[in-house]
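What follows is a set of notes on a single structure, which appears directly below.
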2 protein chains.
Amino acid sequence: MTTRDTGTEQLIKDTAKHLFFAEGKIHATTQEIADAAGVNRTLVNYYFKSRDILFDQVFNEAQESLVTTLDEVMDAPVPFKQKIEHLITVFLKEFGQFPYREVFIITQMNNNNVINAKKARVKRVEALLTEISIEMDKGTIKTMDPRHFLMNLFSLMAYPLVTSPLQKILFNMDDDGYAQLMEQRKQLIFETIFP
Amino acid sequence: MTTRDTGTEQLIKDTAKHLFFAEGKIHATTQEIADAAGVNRTLVNYYFKSRDILFDQVFNEAQESLVTTLDEVMDAPVPFKQKIEHLITVFLKEFGQFPYREVFIITQMNNNNVINAKKARVKRVEALLTEISIEMDKGTIKTMDPRHFLMNLFSLMAYPLVTSPLQKILFNMDDDGYAQLMEQRKQLIFETIFP
DNA sequence: CTCTTGTTTGACAAAATTGTTAAACAAAAG
DNA sequence: CTTTTGTTTAACAATTTTGTCAAACAAGAG
C-alpha cells in the first residue's frame, strides 16, 4: 500500500510535458515518450492506464499551473499599469519554456471537453474586462473595446513565442539572438499598450 | 490517356484542406477524409499514392496560395501606409477562412523540410525590413527595430484568428459577434500600428 | 533471512491505420 | 455494339500503435 516512489511516474509526466509543449510533438507515441524518458513503454500503461489518460493529466496540470500563475499576477494588490508590466514579464518567461502549449489548447478545442473547463474562466475574464474599462475611464489607457485591449496584449506577447521557429528562420537568427529580441520586446509591448 | 476528370481528386484535396486548416483536424485519418468527401477511402491512395503525399500536396498548395496573395499586396505600387491597410484586410479575410493554417506550419516545423521552403523567403523579408526602415526614417511610423514592427503587425492580425475558438468562449460570443469584433479590429490594428 | 508488495520487464494480443490488388464499373473511342 | 481505359469498389495484407498479462525484480516489513 505504501508507495516506493521511484520517481518514474513523475518522470514520464515531465517527459511527456516537454515533448508536447516544448518540442511540439503533440502526437508523440507512447514508445517515443518512454524512450525519451528512458523507461519501458509498459510503464506508461502501468501508471496511467492509457495514453489518453496520461495525455489529459499532463494537459490539465499544465493548464492549471498556467492559470494559477496568471491569476496570482492579476490578483496582486498593485496599480493596474504595474500589474500589466508584471504580467508581460511572467508570461514571456512562462511561454518561452513551453511555446506550443497554447497552440495545443486551440487545436484540442474541437474534439474534447476543454470547453467546459474554459467556461469556468468566463466570470474571471468579465471581471478583468471591467477592471480594464475603469482604467480607460481614468485615462490610464486608450479608450476602446476592452476585449480588443486584452486581445492586443496577448497577441503581442504570445504570437512571437508561438511562431518562434518560423521567426528565427525568416529573420535568420539563432536562439540567442531571438532571446535577445524577445527581451527587448517586453519594453516595446508595454509602450504599445500604454502609449 | 485522356483524363475523365470526375472531380474526385480535387474534391479530396479540397476536403482535406478544409479538415486540416478550417477545422484543425490536422491528423485526420484517410478514412475520415474519405468520409467527409463522401468517397471510398481507397481513392486517396489511387490519386495520391499515400496519405503523406496528399498531406504535402495540400500543404504546399495552401502555402503557395497564401504567399502569392501576400506578395501581390506588398508589390502593389501604392504608398506604404496604404499597402499595410490593404494587407490587414486581405490577411484577416484569408485567415478567417483557414485559421489553423499557420498553426499547422509551426507544429510541422520540427520534423519536416518546411525549413528549406521557408529559407527562400528570407531575402523577401529582408527587403521588407528595409522598406519599413525607410518609412521610419521618413517618420511615417514610430522608430523601432523593424522586426518588431513586423511581429506587432502579424501578432495583432493572426493571434485573434488562431485563437478564435478560445476567444469566443472566454468572451461568451457567437460566430456573428466574433466576426463583428474582427471587423472592428481592422481599424484598430491600423491605428495601433500607425499611432 | 523470508515475506510481502510495489515496480519493472518481455512476450503476446488487440486495435487502428495504412497500403495493395484484382475485379467491377462506366464513359469515350472505334 | 465492342473495345479501351480511366475510375471505383471490396477484400486482403502489412504496418503501426496501443493495451494486457504473467513472471522477474527489488526494496522495506516482520
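Small disclaimer: the values here were computed from a predicted structure and weren't measured.
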**OP:** Please determine if a side-chain N or O atom of A:Thr8 lies less than 4.0 Å away from the OP1 or OP2 oxygen of C:dT7.
**Re:** no
Original post:
Below 4.5 Å, heavy atoms only, C-beta onward: do B:Met173 and B:Gln180 meet side chain to side chain?
Top reply: no
Original post:
What pairs with A:Lys138 under salt bridge (Lys or Arg N to Asp or Glu O under 4.0 Å), at least two apart in sequence or on another chain?
Top reply: A:Glu135
Original post:
Does a side-chain N or O from B:Thr30 land closer than 4.0 Å to OP1 or OP2 of C:dT18, or not?
Top reply: yes
Side chains of residues 32-42 of chain A: which donor-acceptor pairs under 3.5 Å do they make with residues two or more places apart or in other chains?
residue: A:Glu32; atom: OE1; partner: A:Thr29; partner atom: N; Å: 2.7
residue: A:Asp35; atom: OD1; partner: A:Gln31; partner atom: NE2; Å: 3.0
residue: A:Asn40; atom: OD1; partner: A:Thr42; partner atom: N; Å: 2.8
residue: A:Asn40; atom: OD1; partner: A:Thr42; partner atom: OG1; Å: 2.8

**OP:** With sequence neighbours excluded, tell me which residues meet side-chain hydrogen bond (donor to acceptor under 3.5 Å, both in side chains) with B:Glu191.
**Re:** A:Lys142, B:Gln187
**OP:** Please list, chain by chain and in numerical order, all residues satisfying ring-ring contact (aromatic ring centres under 6.0 Å, His included) with A:Tyr178, sequence neighbours excluded.
**Re:** none
Subject >> All ring-ring contact (aromatic ring centres under 6.0 Å, His included) counterparts of A:Phe154, not counting sequence neighbours >> reply: A:Phe91
Original post:
Do we see a donor-acceptor contact under 3.5 Å between the side chains of B:Arg185 and A:Asn152?
Top reply: yes
Original post:
Can you list the residues that meet the side-chain hydrogen bond (donor to acceptor under 3.5 Å, both in side chains) rule with B:Lys49, with sequence neighbours excluded?
Top reply: none
Subject >> Sequence neighbours excluded - side chain to side chain donor-acceptor pair (under 3.5 Å) pairs with any residue from residues 159-174 of chain A >> reply: A:Tyr159-B:Glu102, A:Thr163-A:Gln167, A:Lys168-A:Asp175
Subject >> Base-pairing string, 5' to 3', of DNA chain C - Watson-Crick or wobble, under 3.5 Å, | interstrand >> reply: ||||||||||||||||||||||||||||||
Below 3.5 Å between N/O atoms, which protein atoms pair up with nucleotides 23-27 of chain C? Just atom names and distances, please.
residue: C:dA27; atom: N3; partner: B:Arg4; partner atom: NH2; Å: 3.2

Original post:
Donor-acceptor pair, B:Arg51 side chain versus B:Asn45 backbone, under 3.5 Å?
Top reply: no
**OP:** Verify whether the ring centers belonging to A:Phe20 and A:Phe59 lie closer than 6.0 Å.
**Re:** no
**OP:** Would you please name every residue forming a ring-ring contact (aromatic ring centres under 6.0 Å, His included) with A:Phe190, sequence neighbours left out?
**Re:** A:Phe194
Original post:
Going by number, which of residues 36-43 of chain A have a non-hydrogen atom under 4.0 Å from DNA chain C?
Top reply: A:Asn40, A:Thr42, A:Leu43
Original post:
Among residues 45-54 of chain B, which contact DNA chain C at a heavy-atom distance under 4.0 Å?
Top reply: B:Asn45, B:Lys49, B:Ser50, B:Arg51
Subject >> Output field: ring centroids A:Phe104/A:Phe55 closer than 6.0 Å >> reply: yes
